[in-house]
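To keep things clear, I will list the structure first and then write my remarks on it.
Side chains included, hydrogens not; waters and symmetry mates left out as well; all remaining heavy atoms used. Naming: A, B, ... by sequence-line order, numbering from 1 per chain. Bear in mind the structure is a predicted one, so any value in this text is a computation, not a measurement.
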Amino acid sequence: MSKIQSIADAAELVPDGATVAIGGLSMNATPMAFVRELVRRQVKDLTLVPIVNGMAVDWLIAAGCVSRVVSGLVSFEGFGLAPNFRAAVQSGQVALEEYSEHLLIARMQAAAYHLPFMPTKAGIGTDVLALHPETTRLETDPATGESYVAATPLPVDIAVVHAHAADERGNVRVDPKLVWMDSEVVKAAATTIATVERIVPERSFRSEPHRTTYPRFVIDAVVEVPWGAYPTSNFPDYQHDAGFFRAYSAASRDPDTFKQFFEERVVAPETHAQFLDANGGAQTILSIRRRTM
Amino acid sequence: VSATTRDDLAVPGYACTVDELMVVTLAREFTNDTRAFNGAVSFVPVAAYLLARRTHAPDLVWAASSIAIDADPPQLAESTLSDAIWDGASMLANSPFDFWSYAQGARYNTFAFRGAQMDRYGNVNNTVIGPYDAPKVRLPGGGGMADLSCMIPNIYLWSTTHDPRTFVDKLDFRSGIGWGDGGDHRERLGLPGGPRLCVTNLCVFDFHPESKGMRLRSVHPGVTPEQVHDVTGFEVLLPDGEVPVTAEPSAEQLRILREDVDPTSMRLREFA
């Protein structure tokens, strides 16, 4: 059975109240086309798990889709703070369950391996452990006397990741093999949706099986979306769109301006093509295309 | 220092600006045994790694964005986690397999971070200003700071805003650990090494070998120890004798930094 779905059908896999882990890192390889579909569908009460992210979280909060964020860092880096995230957490509209990057990875590894906890040195001596003493327990190894943090499993309902290619059976290729933390996100999740730049025939996977990143039995839906990480990057094909980040940050200084910007540039376009057109179309696509490697 | 024009950042008597002085000062600390990587918004240390590698430490290891090992970018970008700085890499590492195992095992030995607040022991806050549950400002969060500050033995700190709001007596939140509560606290926690240096826009601190408190190692030209004292929210320890002036960058270091490492001056984004 083919796992290829339209983006609208795949988005129906995400019910209100779901815990959704979003792949990518910071300005890179985030499944933004899928995130936009969730924004347009007005999904409610999501718990987002972005280990280190920015724009995806900010869109979903701006659209009122989020009640909780489990994360290690949310920002636009050199472009500044993520404005809707910052305002929503400061006002208490969105609850933040905060960890560090490696504590989240360790929690996902514990979930993936079906272990009661994963040990790590991460966070010892900081205030981060005290935020969640039940899920990041400071313990002492009885044999050596050494301290470690026991990071308990983090259950994830749905992982959404962006990759370069997939076949209709659900084999997925991240090529080059830059998986960020996505590999751990996929392993921890009950259901995984992969958006990909292109669908390729199964024989393409069978002829070069060493290049396969995720096997078909962990992938539940495949959605073909070229430029599907825009406005984040997808190495080595295209870079993040600095123009979009700048315009978004500038618009966020005034609530009315932001509302109009968000509606015109993110929410209103019906198709992915119309979304790209609303953000400069071919001009933008050509300008972010990566020329060197 | 609040503006970002070249004139405002000029260092009196030196043929450079304070951003350049900071980068060169950090770069001098790095050697062929330095195995470094970087996180978000880390223009100053990234420029310093590249400068060191292109001058006195050609074997220095730098993993751009903690991913692109030996990257050799023609210029920096708006984000130090951006793939725009990965050109020329000899390996693209994957976070769970090729990074965290090397970090926790101290194969990587050098990490630099900064924060909205810093205390005398080099602990850093990048999480909230004000009470955690009702923050005045919700900052981005520590990211990997809590992890890597525990794992990496050679920690370097920097700040482009040396003022009482940044250098505080007590952090609102400890996102990353330096020397902890001072003395042998870090060792008692079973953590390797600790902060070596803190380079600011006014001065350079090292850490007292016993108390692990910040100690003035040098002041930048035109800055007095009294001025540093006045804008630091804790007692600044002084070295024996006169406080030296931070050494001047060489013409060659400045040329390579300006023309080769960071020709579009991305580092000035930290001085906005």
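For chain A, the option among B/Lys136, B/His185, B/Arg186 with the highest count of heavy-atom pairs below 4.5 Å is B/Lys136. Chosen from A/Ser75, A/Ser100, A/Ser26, the residue pairing most often with chain B at heavy-atom distances under 4.5 Å is A/Ser100. Among B/Asn94, B/Val41, B/Asn125, the residue with the largest count of heavy-atom pairs under 4.5 Å with chain A is B/Asn94. Per-residue counts of heavy-atom pairs under 4.5 Å with chain A were compared for B/Phe99, B/Phe43, B/Phe97; the largest is that of B/Phe97. Looking only at heavy-atom pairs under 4.5 Å with chain B, the residue among A/Asp182, A/Val179, A/Val52 that has the most is A/Val179. Of the residues considered (B/Ala84, B/Gly180, B/Ala103, B/Pro73), B/Ala84 shows the highest number of contacts with chain A, using heavy-atom pairs under 4.5 Å. The candidate with the highest count of non-hydrogen atom pairs below 4.5 Å against chain B, out of A/Leu96, A/Leu73, A/Val128, is A/Leu73. In terms of non-hydrogen atom pairs under 4.5 Å with chain B, the most contact-rich of A/Gly123, A/Ala82, A/Gly78, A/Ser183 is A/Gly123.
Heavy atoms closer than 4.5 Å to chain B are found in both the backbone and the side chain of A/Leu178. With a 4.5 Å cut-off on non-hydrogen atoms, A/Thr120 touches chain B through its backbone and its side chain both. There is no contact between A/Leu129 and chain B, counting heavy-atom distances below 4.5 Å. Of the atoms belonging to B/Asp98, it is side-chain heavy atoms, and not backbone ones, that fall under 4.5 Å from chain A. Only the side chain of A/His240 comes within contact range of chain B, with at least one heavy atom under 4.5 Å from a heavy atom of that chain. A/Ile124 touches chain B through backbone and side chain together, each having a heavy atom under 4.5 Å away. Looking at B/Ile67, the atoms closer than 4.5 Å to chain A (heavy atoms on both sides) all sit in the side chain, from C-beta outward. Both the backbone and the side chain of B/Leu189 come within less than 4.5 Å of a heavy atom in chain A. In this structure, the portions of B/Glu78 lying under 4.5 Å from any heavy atom of chain A include both its backbone and its side chain. Both the backbone and the side chain of B/Ser79 come within less than 4.5 Å of a heavy atom in chain A. B/Ser65 does not touch chain A: none of its heavy atoms, backbone or side chain, sits under 4.5 Å away. Of the atoms belonging to A/Leu25, it is side-chain heavy atoms, and not backbone ones, that fall under 4.5 Å from chain B. For B/Val137, the parts sitting under 4.5 Å from any heavy atom of chain A are the backbone and the side chain alike. Only the backbone of B/Ala93 comes within contact range of chain A, judged by heavy atoms closer than 4.5 Å. Proximity to chain B is absent for every atom of A/Phe245, based on heavy atoms less than 4.5 angstrom apart.
Considering every non-hydrogen atom in both A/Ala163 and A/Val174, the closest pair reads CB-CG2, 3.8 Å. The heavy-atom pair separating A/Ala88 from A/Ser91 by the smallest distance is O-OG, 3.3 Å.
Open room surrounds CD on A/Glu146; 12 or fewer heavy atoms of other groups in view lie less than 6.0 Å from it. Around the CD atom of B/Glu187, the shell of radius 6.0 Å holds no more than 12 heavy atoms that belong to other residues, nucleotides or ligands.
Of the listed residues (B/Thr166, B/Asp172, B/Thr127), just one forms a side-chain hydrogen bond (donor to acceptor under 3.5 Å, both in side chains) with B/Gln117, and that residue is B/Asp172.
Checked against the 6.0 Å centroid threshold, B/Phe173 and B/Tyr132 count as a close aromatic pair. Taking the six-membered ring for Trp and the full ring otherwise, the centers of B/Phe37 and B/Tyr102 sit at least 6.0 Å from each other.
Relative orientation of the A/Phe117 and A/Tyr148 rings is parallel, given thresholds of 30° and 60° on the angle between their planes. Under the 30°/60° scheme for interplanar angles, the aromatic rings of A/Tyr248 and A/Phe258 are found to stand perpendicular.
Ion pairing of A/Arg290 with B/Asp87 is present here, as a side-chain N (NZ or NE/NH1/NH2) and a carboxylate O approach within less than 4.0 Å. Ion pairing between B/Arg138 and A/Glu98 holds under the 4.0 Å rule for side-chain N and carboxylate O. Ionic pairing of B/Arg174 and B/Asp119 is not present here: no N-O contact between side-chain nitrogen and carboxylate oxygen is shorter than 4.0 angstrom.
In this structure, B/Leu148 and A/Glu101 have side chains that are not in contact, with every pair of non-hydrogen atoms separated by 4.5 Å or more.
The distance from atom CG of B/Leu171 to atom CE of B/Met118, rounded to the nearest 0.5 Å, is 9.5 Å.
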